[in-house]
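Just below is one structure, and these are the notes that go with it.
Note that ligands are numbered from 1 as they come in the structure, with each ligand's atoms numbered from 1 the same way.
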Amino acid sequence: MFKKILIANRGEIACRVIETARGMGIATVAVYSDADKGARHVRMADEAVRIGPAASRESYLRGDVIIQAAKDTGAEAIHPGYGFLSENEDFAAACARAGIVFIGPTPEAIDAMGLKDKAKEIMQKAGVPVVPGYMGEKQDAATLKKEAAKVGYPVLIKAVAGGGGKGMRLVEDEQNFEEMLASCKREAASSFSNDHVMIEKYITKPRHVEVQVFGDAHGNAVYLHERDCSLQRRHQKVVEEAPAPGLPDAVRKKLGEAAVKAVKAIKYKNAGTIEFIMDSKTHEFYFMEMNTRLQVEHPVTEAITGLDLVEWQLRVAAGEKLPLAQEEIPCDGHAFEVRLYAEDPANNFLPQVGEISCFLHPHQARVDTGVEEGDEVSIHYDPMIAKIIVHGEDRAEAAAAMQEALSETVLTGIVTNQEFLANIFAQKDFIKGDVDTGFIARHEKDLLPAGYGVADEGDLMQAAMLLAYPDGAEDDVWNFGDNWRLNGPFAKSFTFVNRGVHKTVTVSDDVDAPGTDDSTIVEDGNNITIFRGGRVVHLHHFVPGAAGEEAYSEGRIIAPMPGKIITVMVGKGDAVKKDQPLLVMEAMKMEMTIRAGCAGVVEELPVAAGQQVTDGALLVAIEEKAA
Ligand code: MV4
């Protein structure tokens with residue numbers, strides 16, 4: 001076994017790999033960018049090496065710098081995690097040339113699975129089911145259209161180099177074929193510098209079912225059962241589970257055996273995932289692609305098998321045989337994983353940045369995370385903050401455990417998708433196991449209801465009580481400390497800003513203090529967050545006249561995060577209506593429209609197109625006037 005390894009990654013996966021290595025007595029070397037100096041993965045590792053500035057391109061993607069760091073520290077092997085260099089065949093080859101073991105497959109295997117059409121051809125030859133379609137060399141419109149007709153509409157045009165849902169066009173009938181083909185090729189050329197496409201029969205209402213596989217250098221290959229990752233939003237996975245719900249054992253066995261065929265066909269070694277698309281009605285499944293890395297969602301497989309996949313990776317990379325034979329691999333109960341993202345579902349899932357002021361983990365769940373209280377979530381990397389994983393005897397028990405975990409989790413300082421996740425686990429269709437890739441879009445109204453994140457009277461009162469009775473001495477009206485209670489009954493008003501709206505509540509001595517329910521309330525300066533039964537309500541205590549407070553009023557619009565002003569649509573002195581677009585800014589590669597919070601006249605406009613703005617900077621001040 002290795003004595004020391006380097007982890008060429010950051011965040012939760014770097015921490016995850018370090019934990020297993022430590023348990024096996026292997027020393028660990030972390031690498032970090034300037035943005036991650038002092039990050040949790042750096043704190044956990046035995047040693048850490050700076051590899052460059054914050055931008056991934058200049059740090060976590062610098063294979064040469066990382067290999068040098070491994071040489072300098074005497075690390076014998078590199079674990080790439082997922083993302084970054086994990087599926088880069090040049091990096092895997094460079095490791096080998098430097099005499100360092102790449103903890104993953106060979107460069108040839110990574111390369112063979114890199115293009116969709118080549119991968120599909122290999123799998124078809126190996127007897128793995130593939131979606132009917134055309135994956136030939138001929139790329140002229142006439143040939144492709146003829147092939148599409150043979151396949152039968154609707155068809156999908158897919159860029160062979162595509163990924164993440166990019167370079168894909170659904171064509172319902174032949175009228176639109178040429179136009180869709182041209183647009184798909186344009187997107188593929190600009191995104192992947194490769195405009196080759198293939199044609200596939202379109203599978204309606206599909207499920208994303210993937211099989212965890214492992215191969216070793218001795219020709220052994222096994223499957224560690226399947227995961228269902230159908231719950232996605234814009235090709236980003238949100239919930240994963242194992243095993244896939246509602247599948248007969250015969251189908252599960254066929255899936256596993258097809259995946260092992262695929263592994264053997266390419267003599268694959270180390271951890272991999274064979275992704276299938278499955279018809280949700282017939283359970284017919286087809287090879288989609290192979291991911292030649294350990295995946296984000298591997299913990300659900302660990303939960304049902306009781307195995308440590310990182311330990312298997314290290315053993316296989318060190319030349320050992322697979323620890324278990326196929327029939328020895330357990331499959332117990334059911335597991336779920338949710339991805340907690342720093343994003344605001346109520347604001348088009350806009351990524352959020354900031355300091356995590358409080359992070360309390362649920363009691364009965366596994367939490368894989370790269371952050372702790374006091375850590376910063378920055379604009380530079382993926383907004384996933386943590387994965388929450390639960391296990392139960394069966395799916396219903398696991399789902400109940402996740403509901404519990406999501407109601408117990410406390411994370412403040414940044415807005416997350418926590419309540420959105422809790423809403424998924426409250427859906428009847430989800431509990432029934434009725435999942436497919438259209439689930440989130442179909443249930444959008446229930447997952448993101450009109451009142452999402454909106455405080456109710458109880459929330460406001462709870463927050464007001466916290467402020468009125470900071471020591472919880474609500475029964476002793478003489479304990480207030482100041483002079484609220486003179487001769488009449490005690491009463492004090494508090495104003496909160498909740499989702500941009502001001503709300504005032506009055507606490508009086510005939511109001512009972514909440515606090516007997518199972519909610520958690522966190523006070524962080526003037527920000528108060530209430531967690532109750534999966535709901536998450538953010539309140540800002542508004543103190544008129546206090547420094548900076550006016551920034552939160554409807555008339556004073558501040559930058560929600562650092563970014564760049566793209567367009568300014570209004571001028572000083574203009575009359576504006578409530579919700580009228582005022583300017584467009586770009587932050588984290590996304591454009592957002594900033595709108596008027598109230599009707600009035602533009603009084604201040606300290607920004608111009610092209611300007612960078614910092615988080616919290618004043619963008620527009622409106623003198624409030626009735627419309
Ligand atoms: C498909 C498909 C339907 N029919 N192929 C999307 C990304 C890429 N991994 C494959 N994708 C799809 N391929 C055929 N022939 C539907 C999708 C698809 C999808 C697949 C998995 C998870 C989420 C998805 C969301 C939309 C479309």
Next on the checklist: Checking the N or O distance criterion of under 3.5 Å, is ligand 1 in contact with Lys158?
Outcome noted: yes
Next on the checklist: Using a 4.0 Å cutoff against the non-hydrogen atoms of Tyr202, which atoms of ligand 1 qualify?
Outcome noted: 3 (C), 4 (N)
Checklist entry - What atoms of ligand 1 come within less than 4.0 Å of a heavy atom belonging to Val131? => result 15 (N)
Checklist entry - Between Ile203 and ligand 1, which part of the residue brings a heavy atom under 4.0 Å of the ligand: side chain, backbone, both or neither? => result both
Checklist entry - Strictly by modelled atom types, are Arg227 and Thr301 linked by a side-chain donor-acceptor pair under 3.5 Å? => result yes
Checklist entry - At what distance is the nearest protein heavy atom to atom 10 (C) of ligand 1, and which residue and atom is it? => result Met288 SD, 3.7 Å
Checklist entry - Can you list the atoms of ligand 1 that are under 4.0 Å from a heavy atom of Glu275? => result 9 (N)
Checklist outcome for this item: If we number the atoms of ligand 1 from 1 as shown, the ones under 4.0 Å from a heavy atom of Lys201 are 4 (N), 14 (C), 15 (N)
Next on the checklist: Would you say Tyr381 and Ser33 are linked by a side-chain donor-acceptor pair, where the criterion is simply a distance under 3.5 Å?
Outcome noted: yes
Item to check | Within-cut-off N or O pair, His208 and ligand 1, under 3.5 Å | outcome: no
Next on the checklist: For the CG atom of Asp279 and the CD1 atom of Ile203, what is their distance to the nearest 0.5 Å?
Outcome noted: 6.5 Å
Checklist outcome for this item: the protein heavy atom lying closest to atom 14 (C) of ligand 1 turns out to be Leu156 CD1, 3.3 Å
Checklist entry - So is Lys116 polar-close to ligand 1, meaning N/O to N/O under 3.5 Å? => result no
Checklist entry - Which ligand 1 atoms does Glu200 reach within 4.0 Å, using its non-hydrogen atoms? => result 5 (N), 14 (C), 15 (N)
Checklist entry - Short list, please: which atoms of ligand 1 are under 4.0 Å from a heavy atom of Gln232? => result 22 (C), 23 (C)
Checklist entry - Taking the six-membered ring for Trp, is the centroid-to-centroid distance between His334 and Phe336 below 6.0 Å? => result yes
Checklist entry - Are the charged groups of Glu302 and Arg366 less than 4.0 angstrom apart, N to O? => result yes
Item to check | Which segment of Thr204 sits under 4.0 Å of ligand 1 when only heavy atoms are counted | outcome: neither
Checklist entry - For ligand 1, is Met168 a contact, meaning one of its heavy atoms is under 4.0 Å away? => result yes
Checklist entry - Any salt bridge between Glu210 and Lys237, counting N to O under 4.0 Å? => result yes
Checklist entry - Salt bridge check: are Lys145 and Glu174 linked by an N-O gap of less than 4.0 Å? => result no
Item to check | Between OG1 on residue Thr273 and CD on residue Glu226, distance to nearest 0.5 Å | outcome: 12.0 Å
Item to check | Lys185 side chain near Arg169 side chain, heavy-atom distance below 4.5 Å | outcome: no
Item to check | Distance filter under 4.0 Å to Thr437 heavy atoms, resulting ligand 1 atoms | outcome: 21 (C), 22 (C), 23 (C), 24 (C), 25 (C)
Checklist entry - What about Phe430 and Phe425, are their ring centers closer than 6.0 Å? => result yes
Checklist outcome for this item: In Tyr452, Tyr341, Phe420, the residue satisfying ring pair (Phe, Tyr, Trp, His ring centres under 6.0 Å) with Phe349 is Phe420
Checklist entry - Any idea which protein heavy atom is nearest atom 16 (C) of ligand 1, and the distance to it? => result Ile277 CD1, 3.6 Å
Item to check | Distance filter under 4.0 Å to Glu289 heavy atoms, resulting ligand 1 atoms | outcome: 9 (N)
Checklist entry - Of the protein's non-hydrogen atoms, which lies at the shortest distance from atom 27 (C) of ligand 1, and what is that distance? => result His235 CE1, 4.0 Å
